[in-house]
There are 2 protein chains.
Amino acid sequence: MSKRLPKYILLKNELLSRIESGKLSPGSQVPSENEIAEQFSLSRQTVRQAFSELERQGLLERVQGKGTFVRHAAVRAEAMQPRTIGIVTTYISDYIFPHIVRGAEAELRSRGYRLLLASTDNDKEKEMECLRLMLSEPLSGLIIEPTKSAEGNPNLPFYLSMQSKNLPFLMINERYRELEVPCLRVDDEQGGLTAARYLIKQGHRRIVGFFKTDDLQGVNRLKGFMHAHREAGIPLDPEHVVTYTTSQKSELPVKKLRELLASTDRPTALFAYNDALAVPLLNTAREMGVSVPGELSIVGFDDSALALAAGVPLTTLTHPKEELGREAARRLIAMIENEAGAPSEDTGEFLYVPKLIERDSASPLKR
Amino acid sequence: MSKRLPKYILLKNELLSRIESGKLSPGSQVPSENEIAEQFSLSRQTVRQAFSELERQGLLERVQGKGTFVRHAAVRAEAMQPRTIGIVTTYISDYIFPHIVRGAEAELRSRGYRLLLASTDNDKEKEMECLRLMLSEPLSGLIIEPTKSAEGNPNLPFYLSMQSKNLPFLMINERYRELEVPCLRVDDEQGGLTAARYLIKQGHRRIVGFFKTDDLQGVNRLKGFMHAHREAGIPLDPEHVVTYTTSQKSELPVKKLRELLASTDRPTALFAYNDALAVPLLNTAREMGVSVPGELSIVGFDDSALALAAGVPLTTLTHPKEELGREAARRLIAMIENEAGAPSEDTGEFLYVPKLIERDSASPLKR
DNA sequence: AGAATGAAGTTGTACATACATTTAAGATAA
DNA sequence: TTATCTTAAATGTATGTACAACTTCATTCT
């Protein structure tokens, strides 16, 4: 059952093992085609066929008139393969995303992988473009942050074809519900719950929440926020749930906050979808002469650099950021390198539980 | 002088042009090896040699028993080549770098290039690792932000080999003095000059400057800062030039500022190397009960997101950020695509002049 | 000493032949 | 009709020969 392989393949394997074992050291000259042919009782053409493939793979270098040599990078090249991993995020420059990318990059680099980066600007058409570009050359795997995850997913065919090609990929921050893939994310609902519980425990009863609702993160944080009110038996004024979308940025929330603060029974506390929103809201309040946290307590989310830069250090919830990027890279590499081994296609979710960091922007309610 | 090319190469070219012209459409079957051999009066072996190379290049697909076919992606593959560009930055996650990367990514994606990202953490060993990883597969070009540019450059051999291989690359933010390559950067000296002139014009005479001096940007900003004092005939107290290095972060500057503010003739204005430093300095001052800008005017640099998040909106100097990334990408693509055309290896510098943005953290000196 | 020549050995190109393996389609048998 | 077999044609493997082009080195000539 053995002698089925073509002779030129057998010769290739023999040479490969000689290179790997060091019998043929990098830079050294390989016996000439005729010598090999005689040694192995093959025709020179057959030897040439084996040499050609090895040259194409970058293992050998042939020089007319001189001979054939083992390439210096041969040993490494053998082990290397493509070893490139792609990351598709919604935004590159803003906020916590750079930290996620950085964590992934550090981990990938230390493991000998290269990082291909693309961003979708939260636009599904660009997501398609990114995927097409990424897949135009061989990839070992992909890390994807879904675009506008609360809506549908028109690029499903891409993902299905990736699954059928056995190209490992996983999602971060959110997942497309239609796909069964591993996902690393923050427990947003738990985060919303923790923040609201904290404020309620501090005595606040009129708490306004601001949520971006075109991605699932915002929706889930809102869920937790409402849950906390329900379990405490506190009625939630519809005016105190402000939703907005990416395109509106902070304008609409800021306007809403102005109105609320101008009213007679103004809220005593505020929970913001993230720090990027919390900061302009904080500044708005202070502009209006409302002291923070004296008259208005504020809790943000994500523990970004902005939280410490703000005029009043923000009480906020942690986001693993770099750790999430690193862990995503680790898991993806495991998926890639275990491909041959255990087929334990782990489709589970990994949830990070956000923790509250108490700083100065929230305090117990004074009566 | 024509018939020098080997027959199998001629056949390859003939087939290539047929594919490009559409005579052989993607997915269609190519005449069999024997047919081609007869048509062109070649042996089947020679035809096989041509087919093999085309198959290796991804243009053809051969199926035993069925025939040879033009690959669907053939037309694109032909025009595409690698089309991957690498970016090596010092940091990925912090501050203005994400914006630079983002600008470059947007431009590259729209032009059909992929972006390979790596960061050096301002560590020369990692720089070498990054370069090696990047160059392990074919690249079209590289954008590099030098690591610790004020010191020497141990990776010079890498860069020289890149030049000799005609691999286009350019530098951003700073350049290694030893290399003659195009460079896009902010006119840091002009920036330091502008900031210091502004404060002097506002009546300030005791101005303290904080500079990170292990990269050339800090050194140049310091130069401009001193220049402004010289031209105005204002003596510069050595105590009022604080230098620090990356590893010290903001600790040393903060400590220095405390000392200075506690002294009897404390400074009335402050120029920070960048916004990331200006913000903790601003907070330090306010903690000590020194009002900004009332008792201390502060000017930052880079116009980062922090500038607006800070308790007092920072007066600062612009940094092109995304535009710099976009322009770097544009120029690199031009270098790549003009390779065949004009050999106008533009080694010039492109200087962005920073502009002052007046916000609230600096005001005229009250006597 | 230096330059030109030539021989030997290497890979590159080209052709010829033979058989093996795979595929698809047609012929044949149940 | 269905299933099986046969066959032709395609690519894959293998060997042999011949000569071309290039590199190296020793020889020879100037």
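To find a chain, count down the sequence lines: A is the first, B the second, and so on, and within it residues start at 1. Quick note: numbers below take in every heavy atom, side chains included, and nothing from hydrogens, waters or symmetry partners.
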Roughly, in whole Å, what's the span from [atom1] in [X] to [atom2] in [N]?
X       : N      : atom1 : atom2 : answer
A:Phe51 : D:dA14 : CZ    : P     : 15 Å
A:Leu60 : C:dG12 : CG    : P     : 11 Å
A:Phe69 : D:dC22 : CZ    : C1'   : 13 Å
A:Asn34 : D:dT17 : CG    : C1'   : 12 Å
A:Glu33 : D:dG16 : CD    : C1'   : 15 Å
A:Glu61 : C:dT11 : CD    : P     : 13 Å
B:Lys7  : C:dG12 : NZ    : P     : 19 Å
A:Glu38 : C:dT10 : CD    : P     : 11 Å

Determine: side-chain N/O of [X] to OP1/OP2 of [N], distance under 4.0 Å, yes or no.
X       : N      : answer
B:Thr46 : C:dT13 : no
A:Thr68 : C:dT11 : yes
B:Gln49 : C:dT13 : yes
B:Ser43 : C:dA14 : no
A:Arg62 : C:dG12 : yes
B:Ser32 : D:dA9  : no
A:Arg48 : C:dT11 : no

How about [X] and [Y]: does a side-chain donor come under 3.5 Å of a side-chain acceptor?
X        : Y        : answer
A:Thr147 : A:Thr90  : no
A:Thr68  : A:Arg62  : no
A:Thr89  : A:Glu145 : no

Looking at the side chain of A:Gln45, which of D:dT13, D:dG16, D:dT11 is the nearest nucleotide? D:dG16

Is the shortest heavy-atom distance from the side chain of [X] to the side chain of [Y] under 4.5 Å?
X        : Y        : result
B:Leu170 : B:Met335 : yes
B:Ile333 : B:Ile85  : yes
A:Val47  : A:Leu11  : yes

Is the shortest distance from a Lys or Arg side-chain nitrogen in B:Glu129 or B:Lys126 to a carboxylate oxygen in the other one below 4.0 Å? no

So does A:Arg48 pair up with A:Glu53, basic N to acidic O under 4.0 Å? no

Once you apply a heavy-atom cut-off of 4.0 Å, does B:Gln29 come out as touching a base, just sugar-phosphate, or nothing? nothing

Mapping B:Arg44 and A:Pro31 onto DNA chain C by nearest heavy atom, which one lands closer to the 5' end? A:Pro31

Under 3.5 Å, N/O pairs linking protein and nucleotides 22-26 of chain C:
| residue | atom | partner | partner atom | Å |
| --- | --- | --- | --- | --- |
| C:dT22 | O4' | B:Gln64 | OE1 | 3.3 |

